[in-house]
*Asks:* 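Quick one: this structure, given as structure tokens, is what I'll be asking you about.
Throughout, residue positions are numbered sequentially from 1 according to the sequence presented.
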Amino acid sequence: MLHRPLVHRLLAASFLAAACLAAPVQPAAASVPCAVPQAVSARSTAADVNVVTPREAARTEASFHSDAGRRADAPTAPRAAAAPSPVRVWAHVVAADSTADGGNVPDSVLAHQVQVLNEGFAPTGFSFTLAGADRTVNPSWHRSTTAGSPQESAMKQALRRGGASDLNIYILDTSATGKTGWATFPWDYAADPANDGIVVSYRALPGGQAPHGLGREVTREAGHWLGLYNVFQGGCSGPGDYIDDTPAAAFAASGCPEGRDTCAAPGVDPIHNFMNYTDDACRNHFTSGQANRMTHAAAHYRGM
């Protein structure tokens with residue numbers, strides 16, 4: 001049984017362009033109008049390691065739910081009896097040099113980032129505490145790290161701390177990738193524990209570069225680390241992000257396009273959800289279904 005009415009989402013795939021143009025857009029000050037998929041987002045989903053194929057997602061879901069025997073991500077699914085213990089965060093500042101322009105993020109920004117994580121995750125039952133921070137000057141790691149690159153492997157092998165329940169955040173310059181960051185999923189940990197964690201641009205931390213300078217990009221990546229897909233995963237057809245209470249979206253959004261509605265299924269696009277590509281100022285919540293999924297994924301894969 002699909003998590004959203006499949007017939008609606010299949011119809012939406014056929015009429016995507018018309019639906020986009022007809023959406024009742026009411027732009028906010030920082031919004032962008034609805035557009036065709038090729039032009040909608042300043043941040044392309046191409047080469048985004050957190051956008052997976054439908055087949056890959058289906059295989060992961062079959063494994064994820066086989067033990068529980070029920071849909072653990074449904075909004076009505078019971079939460080764990082007690083909230084998980086605070087997630088220990090290990091911050092690894094990988095700079096080009098010792099200057100702020102070179103990516104040498106100060107302790108005050110790291111503390112603020114953990115505060116932003118706690119604010120975003122407060123309704124979900126998760127909390128975070130800064131367990132430690134280190135600084136490494138390595139221009140190659142700082143500028144040339146991409147997902148799956150030799151630089152990423154060497155950096156993580158040298159710096160990673162803790163186990164499956166420890167969140168390692170590698171802070172560097174991701175501009176060469178065209179992304180503000182990426183993360184590993186919890187089900188990847190058993191096969192490659194050394195690769196686990198988040199990589200994020202130092203410009204995306206609090207006080208950084210607009211439109212992603214409020215620290216909420218780290219909140220999004222932490223959502224991936226705890227088992228969430230992007231809300232536009234799978235587009236309008238199929239089970240999408242495997243969450244019942246996140247309306248389907250045909251593709252990623254940028255800016256803050258109020259009222260955008262790219263799928264025929266009920267609900268406007270979830271542009272205010274942390275698991276979208278919209279501006280930091282636009283993103284402000286996880287849903288109950290997402291909270292439940294993270295709780296169960298963290299327990300199943302991370303022992304939390």
Side-chain angles (χ1 to χ4, degrees), residues 3-4 45 48-89 117-118 120-128 147 162-169 181-193 195-200 216-234 238-246 249 270 273-277 283 285-304:
H3 289 227
R4 298 190 179 92
T45 59
D48 186 338
V49 297
N50 298 122
V51 176
V52 302
T53 66
R55 177 175 294 183
E56 183 181 356
R59 185 169 58 246
T60 296
E61 293 311 297
S63 174
F64 179 22
H65 298 304
S66 62
D67 291 342
R70 57 178 168 75
R71 294 219 327 267
D73 54 319
T76 55
R79 297 277 187 92
S85 298
V87 177
R88 297 192 304 172
V89 175
L117 275 172
N118 282 320
F121 277 89
T124 72
F126 286 93
S127 62
F128 300 82
S165 61
D166 291 87
L167 175 56
N168 283 254
I169 303 177
W182 61 91
T184 57
F185 289 114
W187 42 84
D188 296 329
Y189 181 83
D192 193 3
N195 190 49
D196 189 60
I198 291 171
V199 177
V200 68
R216 292 176 184 170
E217 183 63 20
V218 176
T219 303
R220 186 177 79 89
E221 299 302 346
H224 286 315
W225 186 79
L226 288 168
L228 297 183
Y229 295 117
N230 294 311
V231 289
F232 51 84
Q233 170 70 34
D241 64 351
Y242 291 88
I243 305 290
D244 278 347
D245 60 354
T246 54
N273 196 283
F274 284 124
M275 303 310 293
N276 211 326
Y277 279 6
R283 296 182 286 187
H285 75 280
F286 293 110
T287 67
S288 177
Q290 288 175 317
N292 276 291
R293 180 181 173 88
M294 288 189 286
T295 297
H296 289 277
H300 185 68
Y301 294 105
R302 298 197 179 279
M304 295 166 61

*Asks:* Find out whether Asn273 and Thr246 are in side-chain contact, i.e. whether some heavy atom of one side chain is under 4.5 Å from a heavy atom of the other.
*Replies:* yes
*Asks:* About how many Å separate CZ of Phe126 and CG of Leu226, when rounded to the nearest 0.5 Å?
*Replies:*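 These two atoms lie 5.0 Å from each other.
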*Asks:* State which residues pass side-chain contact (heavy atoms from CB on, under 4.5 Å) with Ser127; sequence neighbours excluded, sorted by chain then number.
*Replies:* Pro86, Asn118
*Asks:* Could you measure the distance from the CG atom of Asp241 to the CD atom of Gln290? Nearest 0.5 Å is fine.
*Replies:*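 One gets 6.5 Å once the value is rounded to the nearest 0.5 Å.
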*Asks:* Please name all residues satisfying ring-ring contact (aromatic ring centres under 6.0 Å, His included) with Trp187, sequence neighbours left out, ordered by chain then number.
*Replies:* Phe185, Tyr229, Tyr301
*Asks:* Between Pro186 and His224, which heavy-atom pair has the shortest distance, and what is it?
*Replies:* CD-O, 3.4 Å
*Asks:* Do Leu228 and Arg220 make a side-chain contact, defined as non-hydrogen atoms from C-beta onward lying under 4.5 Å apart?
*Replies:*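 No, too far: nothing below the 4.5 Å cut-off.
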*Asks:* Considering all heavy atoms of both residues, which atom of Ile198 and which atom of Ala222 are nearest to each other, and what is their separation?
*Replies:*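 So the minimum-distance heavy-atom pair works out to CD1-N, 3.5 Å.
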*Asks:* Closest approach of Asn50 and Gln233, non-hydrogen atoms and distance?
*Replies:* O-OE1, 4.3 Å
*Asks:* Apply the side chain to side chain donor-acceptor pair (under 3.5 Å) test between Thr287 and each candidate in Asn292, Thr124, Asp245; give the one that qualifies.
*Replies:* Asp245
*Asks:* Side chain to side chain contact (heavy atoms under 4.5 Å, CB included) for Ile169 and Val218? Distances and angles first, verdict last.
*Replies:* CA-CA 9 Å; Ile169 303 177; Val218 176; 4.0 Å; yes
*Asks:* Would you please name every residue forming a side chain to side chain donor-acceptor pair (under 3.5 Å) with Asp196, sequence neighbours left out?
*Replies:* Arg160, Thr184, Trp225, Arg302
*Asks:* Should the pair Phe286 and Phe121 be assigned to parallel (<30°), tilted (30 to 60°) or perpendicular (>60°) ring geometry?
*Replies:* tilted
*Asks:* Among all residues two or more places apart in sequence or in another chain, which pass the ring-ring contact (aromatic ring centres under 6.0 Å, His included) test with Tyr189?
*Replies:* none
*Asks:* Under the 3.5 angstrom rule, does the side chain of Asn276 hit a backbone N or O of Arg283 as a donor-acceptor pair?
*Replies:*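 Not a single qualifying donor-acceptor pair exists.
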*Asks:* Partners of Asp166 by side chain to side chain donor-acceptor pair (under 3.5 Å), sequence neighbours excluded?
*Replies:*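 For Asp166 the side chain to side chain donor-acceptor pair (under 3.5 Å) partners, ignoring immediate neighbours, are Arg88, Trp90.
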